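Hydrogens, waters and symmetry mates are skipped; everything else that's a heavy atom, side chains included, is used. For clarity, every value in this text was computed on a predicted model and none was experimentally measured. One-based numbering, in listed order, for ligands and for the atoms of each.
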Amino acid sequence: MVLNNKFNITDSTELARLEEQISKKKAVKLFENKYLDSYTAGSFAMLSAIHKYLFNEIYEFARQVRTVNISKGNFRFAPVMYLQSAIEHVEAMPQSTFDEIVEKYVEMNIVHPFREGNGRSTRIWLNLILKKELSKVIDWSSVDKEDYLQAMERSPIKDIEIKHVLKQALTDKVNDREVYIKGIDYSYFYEGYMIFKAEEL
Ligand SMILES: Nc1ncnc2c1ncn2[C@@H]1O[C@H](COP(=O)(O)OP(=O)(O)OP(=O)(O)O)[C@@H](O)[C@H]1O
Ligand SMILES: [Mg+2]
């Protein structure tokens with residue numbers, strides 16, 4: 001299944017390649033301009049502004065909260081009917097320590113507000129919280145992809161692994177654009193989502 005896109009691409013590999021190219025180019029621009037300056041770190045408004053910026057050229061649904069229930073692996077993300085309250089709950093979570101910030105990131109991943117592109121948008125969102133609150137960011141180039149993904153799969157049950165993976169990658173190079181853009185590089189070239197109906201819950 002290939003997502004409807006503004007280029008009317010029907011081949012999933014082709015779409016993945018274009019998506020990667022465009023979102024990377026956009027991430028570079030996002031770093032260089034002042035687009036996010038008026039947003040509050042940790043707010044959903046900031047996350048959806050990031051999503052819009054990265055994906056608006058590709059998807060009609062950029063910045064919009066999803067309207068279908070989705071799962072990845074064995075994990076079902078927040079059901080559509082609770083999305084709004086889940087988003088508000090996560091926004092209100094504290095973010096003054098490293099542990100609190102990662103806990104907030106894990107919860108936002110469980111919400112998975114968008115139909116696609118949650119990982120890339122939320123990794124940038126995470127770094128902007130870390131930068132504001134701790135004057136540090138995650139250097140995604142020093143995070144092993146497999147370790148990250150395994151820890152994220154585990155994170156709804158136990159967040160100790162993702163805390164460990166991310167902590168060893170903290171850096172004070174907060175103005176190094178590569179550090180942010182590498183988080184976009186993390187993309188996997190497959191669309192691993194299952195859609196399920198509300199009645200199945
Ligand atoms: N089984 C799982 N349970 C919980 N979270 C998961 C699971 N599998 C992946 N994730 C998280 O979801 C993200 C992928 O979400 P999505 O596909 O919406 O984002 P993306 O930007 O397209 O992809 P990517 O993060 O691979 O660049 C991963 O980066 C990871 O953080
Ligand atoms: Mg994806």
Open item on the list: Out of all atoms in ligand 1, which are within 4.0 Å of some heavy atom of Asn109? Include the element for each.
Closed with: 4 (C), 5 (N), 6 (C), 11 (C), 12 (O), 31 (O)
Task: Glu116 N/O to ligand 1 N/O under 3.5 Å - done: yes
Open item on the list: When you compare ligand 1 with Glu19, is there at least one nitrogen or oxygen pair between them that comes in under 3.5 angstrom?
Closed with: no
Under 3.5 Å, sequence neighbours excluded: what are the donor-acceptor pairs made by side chains of residues 88-96?
from	atom 1	to	atom 2	distance (Å)
Glu91	OE2	Phe44	N	2.7
Gln95	OE1	Lys104	NZ	2.8
Gln95	NE2	Ala41	O	3.2
Gln95	NE2	Glu133	OE2	2.9
Ser96	OG	Glu100	OE1	2.8

Open item on the list: salt bridge (charged side-chain N to carboxylate O under 4.0 Å, His left out), that's the test. Do Lys6 and Glu57 meet it? Break it down for me.
Closed with: CA-CA 7 Å; Lys6 291 184 176 179; Glu57 268 181 38; over 6 Å; no
TODO: Tell me which one of Met152, His112, His51, Met108 gets a heavy atom nearest to atom 12 (O) of ligand 1.
DONE: His112
Task: Contact atoms of ligand 1, heavy-atom distance to Leu149 under 4.0 Å - done: 9 (C)
Open item on the list: Can you confirm, on distance only, whether ligand 1 has an N/O atom lying under 3.5 Å from any N/O atom belonging to Gly73?
Closed with: no
- [ ] Specify side chain, backbone, both or neither for Asn74, according to which of its non-hydrogen atoms lie closer than 4.0 Å to ligand 1.
- [x] neither
TODO: Kindly give the atom name of the N, O or S atom of Glu116 closest to the Mg ion (ligand 2).
DONE: OE2
TODO: May I ask you to check if ligand 1 and Tyr105 share an N or O to N or O distance below 3.5 Å?
DONE: no
- [ ] Give the numbers and elements of all ligand 1 atoms closer than 4.0 Å to a heavy atom of Glu153.
- [x] 1 (N), 2 (C), 3 (N), 7 (C), 8 (N)
Open item on the list: Ring centroids only, cut at 6.0 angstrom: are Tyr35 and Tyr53 within range, meaning strictly under it?
Closed with: yes
Open item on the list: Under a 4.0 Å threshold between the charged nitrogen and the carboxylate oxygen, would Arg120 count as salt-bridged to Glu20?
Closed with: no
- [ ] Any salt bridge (charged side-chain N to carboxylate O under 4.0 Å, His left out) involving residues 156-172? Give me the pairs, sequence neighbours left out, ordered by first then second residue.
- [x] Glu103-Lys163, Arg154-Glu161, Asp159-Lys163
Open item on the list: Once you restrict to heavy atoms under 4.0 Å, what part of Phe114 touches ligand 1? Side chain, backbone, both or neither.
Closed with: neither
Open item on the list: Ignoring hydrogens and geometry beyond distance, is a side-chain donor-acceptor pair present between Ser141 and Asp139 at under 3.5 Å?
Closed with: yes
- [ ] Look at the side chain of Glu14 and the backbone N and O of Asp11, then say whether any donor-acceptor pair between them is shorter than 3.5 Å.
- [x] no
TODO: Report yes if some N/O of Lys72 lies less than 3.5 Å from some N/O of ligand 1; otherwise report no.
DONE: yes
Task: Mutual orientation of the aromatic rings belonging to Tyr59 and Phe61 [parallel < 30°, tilted 30-60°, perpendicular > 60°] - done: parallel
